[in-house]
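Here, residue 1 is the first one in the sequence, and each next residue gets the next number. Order of listing sets the numbers, starting from 1, for every ligand and every atom in it.
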Amino acid sequence: MGSCIKSSKGKVLVTGGSGFIASHIIDVFLDDGFEVVATARSDEKGRSIVNSAPISQQKNLSYVLVGDISEDGAFDSIFKTESAFDYVVHTASPYTLKVQDPIKDLLDPAIKGTTGILKSIKAYAPTVKRVVITSSSAAIINTLKHAKVYDETHWAPWTLEDIHIPKRAYETSKVLSEKAAWNFVKTEQPNFDLATINCTFTFGPVQRSLPSLDAMNTSNHRIRDMVQGKMKGGLLPTLPVFTFVDVRDVAQAHLKAVTVPEAGGNRFYVVGGHFSNKRIADVIRNSYPELAGQIPEDSHDDFPTDVYEFDNSKSKRILGLDYIGLEKSVKDTVQSILDRSWRL
Ligand code: NDP
């Protein structure tokens with residue numbers, strides 16, 4: 001663990017610091033002059049978060065240990081012992097599609113982790129002015145009956161029972177945890193306000209602290225699998241999501257959700273564009289001719305003609321986002337994999 005020099009911008013706690021999205025959030029907050037404390041589940045992960053940051057940034061970055069966020073009071077000791085946080089960005093939540101026990105593995109960390117951190121802040125961190133939570137487009141989209149155009153007014157319809165339907169378990173954990181967060185601020189009236197980033201399927205450069213290709217975050221798997229030739233025999237279906245966003249835009253969204261005063265009290269649907277597996281494959285083949293042999297030649301594009309649209313104008317207007325396109329996002333993701341000289 002390290003001690004930080006007080007930064008003029010303020011001090012922010014980022015939960016789940018070992019994660020893909022969190023790693024980019026940490027980078028943009030450091031670049032903007034914040035002091036960042038990341039949570040990690042082990043010293044090894046905490047050290048890796050700090051040591052993989054550019055040397056010039058390390059003086060403003062430290063980590064604290066937090067175990068399973070489903071546990072009651074998991075965050076209490078941080079706020080009791082670390083001095084005066086100004087902001088909290090809560091990204092820690094399991095994003096996995098394969099679970100043994102959906103309640104223990106998904107629902108509890110999502111809901112109890114979210115309400116738990118809000119309770120701890122209210123009880124022990126009166127200096128926190130705003131909390132930003134990484135929710136998801138999964139809390140917006142209704143895969144049973146798509147809206148024509150989605151925006152922040154839409155809520156996925158899933159209830160507690162849906163947690164037992166494997167293809168809906170993750171979505172359920174996200175919509176119920178986001179609802180729990182908004183309900184907390186409404187009923188508890190804490191000193192801080194809340195904003196949520198409802199980002200869609202996220203691609204982009206893998207985190208510097210990633211130990212192996214196997215440990216890669218879920219949403220980059222299809223790009224990794226194409227690079228490794230796992231879809232050589234045919235592309236897997238793109239379903240269920242046809243919208244993507246680059247992780248660097250997701251990170252900017254979190255930063256702006258903290259720094260823009262009007263962002264408080266809002267959800268932000270953060271979407272960069274549409275995609276299909278065929279479109280990803282085409283970018284990889286065209287940008288990396290040496291990988292062409294890993295990718296099937298004449299794949300069918302399963303992009304639906306009647307695909308749902310998205311309205312991301314609120315994120316552009318209030319957060320000032322200017323989205324990265326699919327080509328750059330996929331290219332940079334592949335490059336980040338190749339740069340690590342992992343055995344493909
Ligand atoms: P990662 O799997 O890369 O990161 C998840 C982070 O949460 C890790 O730091 C992990 O810690 C931590 N975590 C998970 N479960 C627990 C737990 N029970 N107790 C403590 N920490 C835990 O995922 P992403 O970066 O992709 O996702 C981060 C957030 O963004 C999540 O809230 C996810 O729902 C949301 N999101 C992701 C999208 C995407 O496409 N990637 C899209 C929309 C939202 P550890 O490393 O120790 O396992």
S.K.: Can you find an N or O of Y95 that's nearer than 3.5 Å to an N or O of ligand 1?
M.R.: no
S.K.: Heavy-atom contacts with D68 under 4.0 Å: which atoms of ligand 1 show up? List them by number with element.
M.R.: 17 (C), 18 (N), 19 (N)
S.K.: Protein heavy atom under 4.0 angstrom of atom 34 (O) of ligand 1, is there one?
M.R.: yes
S.K.: Return the orientation label for the F192 and F184 ring planes: parallel under 30°, perpendicular over 60°, tilted otherwise.
M.R.: parallel
S.K.: Do G19 and ligand 1 have an N or O pair less than 3.5 Å apart?
M.R.: yes
S.K.: Would you find a donor on one side and an acceptor on the other, under 3.5 Å apart, between the side chain of S276 and the backbone of D301?
M.R.: no
S.K.: Are side-chain N/O atoms of E161 and T159 paired as donor and acceptor at under 3.5 Å?
M.R.: yes
S.K.: Does one side chain, of Y323 or S315, offer a donor that lies under 3.5 Å from an acceptor on the other?
M.R.: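 Per modelled atom types, Y323 and S315 side chains form a pair under 3.5 Å.
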S.K.: Would F20 count as a polar contact of ligand 1, with the cut-off being nitrogen or oxygen pairs under 3.5 Å?
M.R.: yes
S.K.: At under 4.0 Å between heavy atoms, which part of S18 makes contact with ligand 1: side chain, backbone, both or neither?
M.R.: both
S.K.: Given I21, V14, T202, which one has a non-hydrogen atom that is nearest to atom 37 (C) of ligand 1?
M.R.: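 Considering heavy atoms of I21, V14, T202, the nearest to atom 37 (C) of ligand 1 sits in I21.
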S.K.: Take every heavy atom of N198, measure it against each atom of ligand 1, and state whether any distance is under 4.0 Å.
M.R.: no
S.K.: Can a donor-acceptor pair be found between the side chains of N142 and Y150 at a distance below 3.5 Å?
M.R.: no
S.K.: Would you check the N or O atoms of T91, main chain and side chain alike, for any that come under 3.5 Å of an N or O of ligand 1?
M.R.: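 N/O-N/O distance below 3.5 Å exists for this pair.
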S.K.: Out of G16, S93, A139, whose heavy atom sits nearest atom 5 (C) of ligand 1?
M.R.: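 The nearest heavy atom belongs to S93.
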S.K.: May I ask which of A92, G67, G113 has a heavy atom nearer to atom 20 (C) of ligand 1 than the others do?
M.R.: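 Of the listed residues, G67 has the closest heavy atom.
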S.K.: Using the ring centroid of each side chain, check whether F29 and Y87 are separated by less than 6.0 Å.
M.R.: no
S.K.: Please verify whether a non-hydrogen atom of Y170 lies at under 4.0 Å from ligand 1.
M.R.: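 In this structure, Y170 qualifies as a contact of ligand 1 - some heavy atom is under 4.0 Å.
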S.K.: Applying a strict 4.0 Å limit to heavy atoms, is S135 in contact with ligand 1?
M.R.: yes
S.K.: Assess the side chains of D68 and S70: does a donor N or O sit below 3.5 Å from an acceptor N or O?
M.R.: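 The answer is yes; a qualifying pair exists.
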S.K.: Which of these, H146, H154, H274, sits in a ring pair (Phe, Tyr, Trp, His ring centres under 6.0 Å) with F310?
M.R.: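 With F310 as partner, H146, H154, H274 yield a single ring pair (Phe, Tyr, Trp, His ring centres under 6.0 Å), made by H274.
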S.K.: So which bit of T15 gets within less than 4.0 Å of ligand 1, heavy atoms only: side chain, backbone, both or neither?
M.R.: neither
S.K.: Ignoring hydrogens and angles, state whether a donor on the side chain of T243 or T200 is under 3.5 Å from an acceptor on the partner side chain.
M.R.: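 On atom types as modelled, these side chains qualify, holding a pair under 3.5 Å.
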